[in-house]
**Q** 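Here it is, the structure in full.
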Amino acid sequence: LARSIEAAAAGDIVRGAETGRHAALWSSLPREGSFEFKTALGDTVTIRYALPKDYDPARSWPVLLCEPDDGVSSHDTLKMEIFAWIGAARDFVRICPDRRIGAEFQLATPSSAGELRKLVREIRRTIHADSDRFFLFGHRAGGDAAWNAAMNQPDLFTGVIVLSGYPQVPYPHQALTLLLANLERLPVLTVW
């Protein structure tokens with residue numbers, strides 16, 4: 001990509017900047033599919049996605065990262081009827097790992113602490129995601145995970161949608177007092 005921009009610019013900085021603005025950084029993808037993600041511990045997680053009908057990699061798209069519920073496949077999570085209830089979600093890129101990533105306190109290790117951040121970075125490399133419209137969604141156990149992910153890394157998301165979930169943290173009276181302050185600037189829609 002850098003060489004093609006350099007060749008098109010032919011030494012002209014303004015022309016190089018203009019060429020870079022129109023460079024195809026993301027390739028076309030099938031409407032539904034998956035990609036692989038390597039965790040800090042070296043295991044592989046399959047990340048499933050569903051693109052809007054009119055997906056065009058030249059423009060950025062809002063993203064809904066879904067934390068899966070226990071016993072519900074990532075494929076079934078992406079097909080949930082609830083997305084019809086969240087009307088705008090039909091125009092979102094929906095993404096779901098086959099297991100929850102970096103969202104459970106009791107399973108956290110020092111090496112897994114940055115997995116969610118790495119996953120978001122990988123999503124942005126694969127799909128032309130709009131950083132200003134990157135939402136987190138969770139239902140039941142996935143909702144618990146979404147709460148925890150939002151409280152720990154609120155800077156990754158524009159907002160959080162939680163259905164039938166609550167933040168499961170050890171020592172909730174003490175931990176929630178500290179962690180809920182992280183949500184001060186992060187809109188949260190929660191329905192129980």
**Q** According to the interplanar angle, ranging from 0 to 90°, do the rings of Trp61 and Tyr55 count as parallel (below 30°), tilted (30 to 60°) or perpendicular (above 60°)?
**A** tilted

**Q** Can you tell whether the side chains of Lys118 and Glu115 come within less than 4.0 Å, N to carboxylate O?
**A** no

**Q** Below 4.0 angstrom, N of the basic side chain to O of the carboxylate: do Arg100 and Asp69 qualify?
**A** no

**Q** Once rounded to the nearest 0.5 Å, what's the spacing between atom CD1 of Ile95 and atom CZ of Phe134?
**A** 5.5 Å

**Q** Less than 4.5 Å apart, any side-chain heavy atom of Ile47 and any of Ser34?
**A** no

**Q** Kindly indicate, with the supporting measurements, whether the criterion side chain to side chain contact (heavy atoms under 4.5 Å, CB included) is fulfilled by Leu156 and Arg121.
**A** CA-CA 10 Å; Leu156 293 178; Arg121 189 178 315 125; over 6 Å; no

**Q** Same cluster or not: Leu64 versus Leu189, using hydrophobic residues (I, L, V, M, F, W, Y) connected whenever any side-chain heavy atoms lie under 4.5 Å apart?
**A** yes

**Q** Is it the case that one hydrophobic cluster holds both Leu183 and Val120, taking links as side-chain heavy atoms less than 4.5 Å apart, direct or via other members?
**A** yes

**Q** Applying side-chain contact (heavy atoms from CB on, under 4.5 Å) between Pro154 and each of Leu179, Val188, Leu186, report the one that passes.
**A** Leu186

**Q** When rounded to the nearest 0.5 angstrom, what is the spacing between NZ in Lys38 and CD in Glu122?
**A** 12.0 Å

**Q** Side chain of Trp192, backbone of Gly165: donor and acceptor closer than 3.5 Å?
**A** no

**Q** For Arg140, does the CZ atom sit with more than 12 other heavy atoms under 6.0 Å from it, leaving out its own atoms?
**A** no

**Q** Taking the side chain from Thr46 and the backbone from Glu36, do they hold a donor-acceptor pair closer than 3.5 Å?
**A** no

**Q** Would you call Lys79-Glu32 a salt bridge at under 4.0 Å N-O?
**A** yes

**Q** Let's go through Ile101 and Leu65 carefully: what are the C-alpha distance in whole Å and the side-chain angles of both, what is the deciding distance for side chain to side chain contact (heavy atoms under 4.5 Å, CB included) to 0.1 Å, and is it a yes or a no?
**A** CA-CA 11 Å; Ile101 302 280; Leu65 174 59; over 6 Å; no

**Q** Can you hop from Phe135 to Val191 via hydrophobic side chains spaced under 4.5 Å?
**A** yes

**Q** Measure from the side-chain N and O atoms of Asn182 to the backbone N and O of Met151, and report whether any donor-acceptor pair falls under 3.5 Å.
**A** yes

**Q** Check the hydrophobic clustering (I, L, V, M, F, W, Y; side-chain heavy atoms under 4.5 Å; chains of links allowed) and say if Val45 and Leu136 are grouped together.
**A** yes

**Q** Can a salt bridge be assigned to the pair Asp76 and Arg48 using a cut-off of 4.0 Å between side-chain N and carboxylate O?
**A** no

**Q** Applying side chain to side chain contact (heavy atoms under 4.5 Å, CB included) to Thr44 and Phe37, what does each step give before you reach the verdict?
**A** CA-CA 6 Å; Thr44 301; Phe37 173 71; over 6 Å; no

**Q** Other residues, nucleotides and ligands only: do more than 12 of their heavy atoms fall within 6.0 Å of CZ on Arg31?
**A** yes

**Q** Drop me the distance from Tyr49's OH to Leu78's CG, to the nearest 0.5 angstrom.
**A** 11.0 Å

**Q** First locate atom CG of Leu178, then atom OH of Tyr171, and finally report the distance between them rounded to the nearest 0.5 Å.
**A** 14.0 Å

**Q** How long is the gap from OG1 on Thr39 to CG on Leu119, to the nearest 0.5 Å?
**A** 11.0 Å

**Q** List the steps and the verdict of side chain to side chain contact (heavy atoms under 4.5 Å, CB included) for Leu29 and His128.
**A** CA-CA 11 Å; Leu29 296 168; His128 193 170; over 6 Å; no

**Q** Measure the OG-CZ distance between Ser60 and Arg124 for me, rounded to the nearest 0.5 Å.
**A** 11.0 Å

**Q** Can you tell me if CD on Gln174 sees more than 12 non-hydrogen neighbours from other groups inside 6.0 Å?
**A** yes

